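Reading through the structure tokens given below for one structure.
Keep in mind that what you see is a predicted model, and the values were worked out from it rather than measured. Note on naming: letters A, B, ... go to the chains in the order of the sequence lines (proteins, then strands), and numbering restarts at 1 for each one.
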Amino acid sequence: MKPSFARKAIVTALIGGFAATASAQSEPIRIGVLTPLSGTYAALGQQVKWGIELATKEINDAGGIMGRKVELLFEDEEANPSVAVPKAEKLFQVSKVDFLTGTVNSASTLAVGQVAERNKRLIATTVSFSDAITGEKCSPNVFRVNAKAGQQSAALAEWLSKAKPNAKVFYLGPDYEMGRSTVAAFKSAAEKKNAQTVGEVFAPLGNKDYSPFFGQIRAARPDVMYTSVAGNDTVRLFTQMSQYGLLKNMTVVGASGTVTSQNVNAIGKAADGFVTGVGYSVDIDLPENKKFVAAFQAANKAAPDLYGADSYGVMYFYKAAVEKAKSTDTDKVRAAMSGLEWMTPQGKKTMRAGDHQAVQDMYTTRMTDGKFKILSKVPGEAAIGPDTCTKF
Amino acid sequence: MGGFVDTLQFVLVPQVINGLSIGVAVILMALGLTIIFGLLDVINMAHGEFYALGAYLGLSLAAAGVNFWLMLLLVPLITAPVGYALERVLIQRVFHHKDRHILTLLLTFGLSIVLEDMYKGFYGPQALSAATPIDGASEVAGLFFPNYRLFVMAIGSAIIVAVWLVVYRTSLGAMVRAAAFDKNMASSLGVPVSHVYAGTFAFGVALAALSGVLLAPIYSVFPTMGKDFILMAFSVVIVGGLGSIKGAVIAGLVLTQIQAISSLYISPSWTDPLVFAIMVAVLMVRPQGLFGRLGHA
């Protein structure tokens, strides 16, 4: 039988009275994980959950953060800002989380960032690509540990200019913040390297049928298509393109979130040849990565992708910052995070103080028989681009 | 001039044909909805989840080695009893209540949430792909069309015609229409009304499930797939007239063509609001929809 709420409250009050002085030390550090557990981006949320749970288990087994255990509180964000905002509010105000992470949809990250500002708490995204998050819409309370669209585009454009000089490129993105910003970022990066733009179109998130766009694509006669759709949308886009014979004589390149370990099985052969710029690959030849991949595989019976790796990394980012600050106080942790260097499966990352964007080495990878193989590497400093944040 | 022919051939014609293939899919979904509403006066919010049920059942049968063509027969046969039982066990319980509309709406809405989570529990949240039973593409006047889409358009049209014939040309259909027109009179003339109700619900469920099997190779399979067509199908049913089969077919074709053609000139994201705006306009001018109800026309 569960103890009644009143009894629980009395017991808590009694214990609280005796233990008030000690509680700040022994109470767990609470971290909210607000991530899509259902809907179009459920597969991405699954990797976020796996990565965070693995790192949390390792941290707790090794004694926690400054002797305090880490407790995770999950909420389903449904990749929808209007769902994310009230749930973030609840995590901050009712659950009293010290830190929040997990948001996938870039619009959710931006919206939850404002909630964090009001609640004087910090958040970090491990997935959102939109450049605006650490650019024009940057926030002192928001950090990004994963590579943004601009970093991915820089790496991909570099590869494209060598593999297909003067390519005719068609763009297809999902019609929201992330889609528009990834397309804009790659377009500007590719045009600087002499690629020619022959058309662009934006499809609604969760679009069921892409065949209505194929007429426009055919009419433009591109030899390269760039896309930044993700999750289940990619399954449909690639399957339908293959059924319509569009994948013949055309190279498909795209955002790192377009083809992942979660949807590649459903896409099947249609995904072969897809090239992307990315901040993570299971093939990265570093001891940290080999250890991470083995542990992740053992815990989840599945390979990690970039979301799993970056979500794993964010826990060590927070741990390093709290230990440097010797506190979970927002201002002290923020100061500690700025310029922080910490270890991740991708090697050492640096949190740029000026815009709260992580600097890291970038790669281009190509899908071959269901696995991404590394094609080339671009050093972190070459891919990061200028700091455009003016708010702090 | 060359530019115009190019546009016509590469953009406009494929757009219209694609619109038709989406139209057939939407009509298949709308048919079940409109028949259930026309007869039972129940708005079935779980209709999309029965569509997903068919798709998932198809995946499981395929994994068990069942041939696709046999599946087209098996899935309706398996799901019809499920629909029959659900009507008898769940819907009949609240059917005679004075708040029937609200209660059945909430009941089927709740059912849709439970079903969606069951799919997530059994099959996982990620998208699964169904094998395409007919490979390849046909080239018509320099244009590629996947053979499977052509097949779905053909068989979908055949199913729509078959449903029409059953409802309007058979004695079974006459019983259904009689029960819809006046259930007391039909009952006193020996029509087993309660079985007709359950049977009609089962028919709607089986139709949705069959669409699920047919469309899975094109749209892939995942727990929330039921939401894909449901808003569009509801719009089609409302514009066509709740309970009207003819209305569903005509509105289905018109609305999907409006979407297909308009998406060439406006952002595809705006084609859904466009359809809903048409629905609002129809509701204001002709609240009963373009065509009459089942059993009334």
Should we say atom NZ of B/K120 is surrounded by more than 12 heavy atoms from elsewhere, each under 6.0 Å from it?
-> yes

The interface call for B/T132 against chain A, heavy-atom contacts under 4.5 Å, is side chain

For A/L37, is it the side chain, the backbone, both, or neither that has a heavy atom closer than 4.5 Å to a heavy atom of chain B?
-> backbone

Toward chain B, the part of A/F202 with a non-hydrogen atom under 4.5 Å = backbone

Non-hydrogen atoms of chain B under 4.5 Å away: do they reach the side chain of A/D209, the backbone, both or neither?
-> both

Can you say whether B/T224 sits under 4.5 Å from chain A via the side chain, the backbone, both, or neither, judging by heavy atoms?
-> side chain

Using non-hydrogen atoms and a 4.5 Å limit, figure out which bit of B/L128 sits close to chain A: side chain, backbone, both or neither.
-> backbone

Between CG on residue A/N232 and OG on residue B/S129, distance to nearest 0.5 Å | 11.5 Å

Go through A/Q240 and B/I218 one step at a time and tell me if the side-chain contact (heavy atoms from CB on, under 4.5 Å) criterion holds.
-> CA-CA 7 Å; A/Q240 290 164 4; B/I218 300 179; 4.0 Å; yes

Tell me, for A/Q243 versus chain B, whether the close heavy atoms (under 4.5 Å) come from the side chain, the backbone, both or neither.
-> both

Is chain B contacted by the side chain of A/S211, its backbone, both, or neither, given a heavy-atom distance below 4.5 Å?
-> both

Intermediate values then yes/no, side-chain contact (heavy atoms from CB on, under 4.5 Å), B/D228 and A/R236 | CA-CA 12 Å; B/D228 276 354; A/R236 291 171 164 189; 2.3 Å; yes

Engaged part of B/F222 at the chain A interface, taking heavy atoms whose separation is under 4.5 Å | side chain

Only residue of A/Y244, A/F214, A/F213 satisfying side-chain contact (heavy atoms from CB on, under 4.5 Å) with B/N18 is A/Y244

Correct closest heavy-atom pair for B/P217 and A/T239 would be O-CG2, 4.2 Å

Counting only pairs under 3.5 Å, give me each side-chain donor-acceptor contact of residues 246-257 of chain A, with atom names and distances, residues two or more places apart or in other chains.
| residue | atom | partner | partner atom | Å |
| --- | --- | --- | --- | --- |
| A/T251 | OG1 | A/K164 | NZ | 3.3 |
| A/S256 | OG | A/Q152 | OE1 | 3.3 |
| A/S256 | OG | A/Q152 | NE2 | 2.6 |

To the nearest 0.5 Å, atom OG of B/S220 lies from atom CD1 of A/I267 at 9.5 Å

Taking all non-hydrogen atoms of both residues into account, name the closest pair between A/K208 and B/F229 and its distance.
-> CE-CE2, 3.2 Å

